[in-house]
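Worksheet: one structure, shown below.
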Amino acid sequence: MKTWLSPRLIVALVLLAAAGTCEVARERRPTYLRPGTHLNAYIGNSADGTISVVDLAKLATVATVPVGPGPACLLANPARDEVWGVSSGGGYAWVLETTTNRVTRIPVGPQPAALDFSPDGRLAYVDCAGSGAVVAIDCVTRQVVARGRAGRHPSNLRVTPDGRLVLVANRDDASVSLLDATTLAPQATLPVAPQPSGIIVLPDSSKAFVASATTDVISVLRLKPPTVLARLASGGRADALLLKPDGGEAYVLSSGTHGLTVIDTWTNEVGDFALLGADPAGGAVSSDGTRLYACDAAAARVTVVDLTYRQLIGSASTGQRPVVCRLDPEQKLVLAADEESDDLAVIDLQGPHLVTLIPVGKAPDSLAMKLY
């Protein structure tokens, strides 16, 4: 027997579904977004040279902006409505204005590898793997205001929280260069483990921890005066090196150990270990230092770790291979970019559970957020 729905019932069902969708969207909207404010995610798509702009209130991609070959190291300027990055194939840093999506390119040299800001957001620093050069850029005029030299094939850099030094990891020299942040004049060069990659600096700018791309060694550097304090065996090559906000602990994520190794940054000792999953590739630490969120690239999920008890307490599905994740300012969502399924996973931390997958560009592997 056939059952017929009246036109009025169909219209009522459609309106009910629309109302439900609006209510869900309203619930997902961050509570700190006042009228006229925006929270966007910016995803660097390494295979097609674009940035995907995702509106986190609408949970949708609202723009795709060409920036150049190999976009990498996306960072939101802490003082300006801008997102910066580098184009490894183009030889320049680029600036995306968040209010207009207009892009400005600033030539810096061959193969720019990494970028960081001064604490006040006035200067941006870029190192160039192809030449060993480091440049400082005035973020207002977008002009290069200082040039210096690091070692061979610089792969990463960090500005100390006090804004006085720029630390540059030299991949082919197994060293870290310390440069004056104002003039980029060399202050010291310290030996570290082969092919240094990740760098973290304590909030008081007293020490830095440097990971090796090929060994399990974490080099501990004192910055005042510059000295190598220790070399710590973490058990597995670091895929990511994270810092607790108060600086008391460092966390080594390693696919070799399938887990998380904890380093006491005050005593320079390797401490606890927590099993995470098949292939922890990147992560983020909550602002209160109680949770760590790790991308498990092989298991297609983000795992949640209770840092107080060193326990895995939950996970949520993502796309095929998540490689980088970030927390939203309210610490209620975690975003994970997936380099194989070409999407951005939005995960509600109440659960946790997957809210949605948002299509972006090809091979996304870097991510920034900006509230403006």
Side-chain angles (χ1 to χ4, degrees), residues 36-56 61-131 133-148 154-159 163 166 168 179 181-182 184 324 326 329 335 337 344 360-372:
T37 61
H38 305 82
L39 177 64
N40 288 347
Y42 298 84
I43 299 92
N45 304 308
S46 60
D48 61 16
T50 65
I51 301 300
S52 295
V53 183
V54 174
D55 186 317
L56 293 177
T61 298
V62 294
T64 300
V65 184
V67 293
C73 200
L74 274 66
L75 283 178
N77 188 306
R80 299 172 61 83
D81 292 338
E82 297 171 347
V83 171
W84 288 57
V86 298
S87 172
S88 58
Y92 51 79
W94 50 262
V95 186
L96 187 151
E97 298 174 17
T98 57
T99 55
T100 63
N101 289 336
R102 185 174 66 180
V103 173
T104 300
R105 295 173 175 83
I106 306 167
V108 293
Q111 300 175 38
L115 176 145
D116 200 8
F117 292 109
S118 60
D120 60 6
R122 187 177 63 85
L123 294 174
Y125 299 88
V126 178
D127 62 3
C128 299
S131 64
V134 179
V135 301
I137 303 168
D138 186 301
C139 293
V140 176
T141 65
R142 298 176 183 172
Q143 299 294 314
V144 174
V145 294
R147 291 184 180 271
S155 60
N156 200 1
L157 63 76
R158 284 291 180 270
V159 181
V166 180
V168 186
L179 308 180
T182 301
L184 295 183
V324 61
R326 296 286 185 270
L335 311 179
L344 180 73
V360 292
K362 296 295 183 182
D365 60 3
S366 54
L367 169 62
M369 270 183 274
K370 185 65 178 179
L371 176 67
Y372 66 95

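When every heavy atom of Val54 is checked against every heavy atom of Thr61, the shortest pair comes out as CG2-OG1, 3.7 Å. Residue Pro78 comes nearest to Gly121 through the heavy atom pair CG-CA, 3.8 Å, listed as atom of the first residue, atom of the second, then distance. Of all heavy-atom pairs between Ser87 and Gly68, the closest is OG-C, 3.6 Å. In terms of heavy-atom proximity, Ala41 sits nearest to Leu344 at CB-CD2, 4.3 Å. Closest non-hydrogen pair, Ala72 versus Ser366, comes out as CA-OG, 4.2 Å. Of all heavy-atom pairs between Pro112 and Val126, the closest is CB-CG1, 3.8 Å.
The ring-ring contact (aromatic ring centres under 6.0 Å, His included) search around Tyr92 returns none, not counting sequence neighbours. Evaluation of the side chain to side chain contact (heavy atoms under 4.5 Å, CB included) rule for Thr98 yields Tyr42, Asp81, Val83, Lys370, Tyr372 as partners, not counting sequence neighbours. In this structure Trp94 satisfies the ring-ring contact (aromatic ring centres under 6.0 Å, His included) test with no other residue, sequence neighbours excluded.
Side chain of Arg105 to main chain of Gly90: no donor-acceptor pair is present (N/O by atom type, distance under 3.5 Å, no hydrogens or angles). With hydrogens and angles ignored, the 3.5 Å screen pairs a side-chain donor or acceptor of Asp48 with a backbone N or O of Lys362. At distances below 3.5 Å, at least one donor-acceptor pair connects side-chain atoms of Ser118 with backbone N or O atoms of Leu123. Under the 3.5 Å distance criterion, the side-chain polar atoms of Ser131 are left unmatched by any main-chain donor or acceptor of Gly109.
One distance of note links CG of Leu367 with CZ of Arg326; it measures 5.5 Å at 0.5 Å rounding. Taking CH2 of Trp84 as the reference point, atom CD1 of Ile137 lies at 5.0 Å (rounded to 0.5 Å). The CG atom of Asn156 sits 7.0 Å away from the CG atom of Asp127 when rounded to the nearest 0.5 Å. Distance check, rounded to the nearest 0.5 Å: CG of Leu115 to CG of Leu75 gives 5.5 Å. Distance CE/Met369 to CG/Leu39: 6.5 Å, rounded to 0.5 Å. Once rounded to the nearest 0.5 Å, the distance linking CZ of Arg147 with CG of Leu184 reads 10.0 Å.
Residues Arg142 and Glu82 are paired through a salt bridge, judged by an N-O separation under 4.0 Å between the basic side chain and the carboxylate.
Under the 4.5 Å side-chain criterion, counting only non-hydrogen atoms from C-beta, Val134 is not in contact with Cys128. Contact check for Leu96 versus Asn101: side-chain heavy atoms found under the 4.5 Å cut-off. The side-chain heavy atoms of Asn77 and Phe117, taken from C-beta on, include a pair separated by under 4.5 Å. Counting only heavy atoms from C-beta outward, the side chains of Leu179 and Val168 approach each other to under 4.5 Å. A 4.5 Å side-chain heavy-atom check between Leu56 and Asn40 finds every atom pair outside the cut-off. Two residues are said to be in side-chain contact when any heavy atoms from C-beta on lie closer than 4.5 Å; Val53 and Val65 meet this criterion. You'll find the side chain of Asn45 stays beyond 4.5 Å of the side chain of Pro71, heavy atoms only.
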Practice item. Take Ile51 and Leu74 through the test side chain to side chain contact (heavy atoms under 4.5 Å, CB included) and record every step on the way to the result. Key: CA-CA 10 Å; Ile51 301 300; Leu74 274 66; 3.9 Å; yes
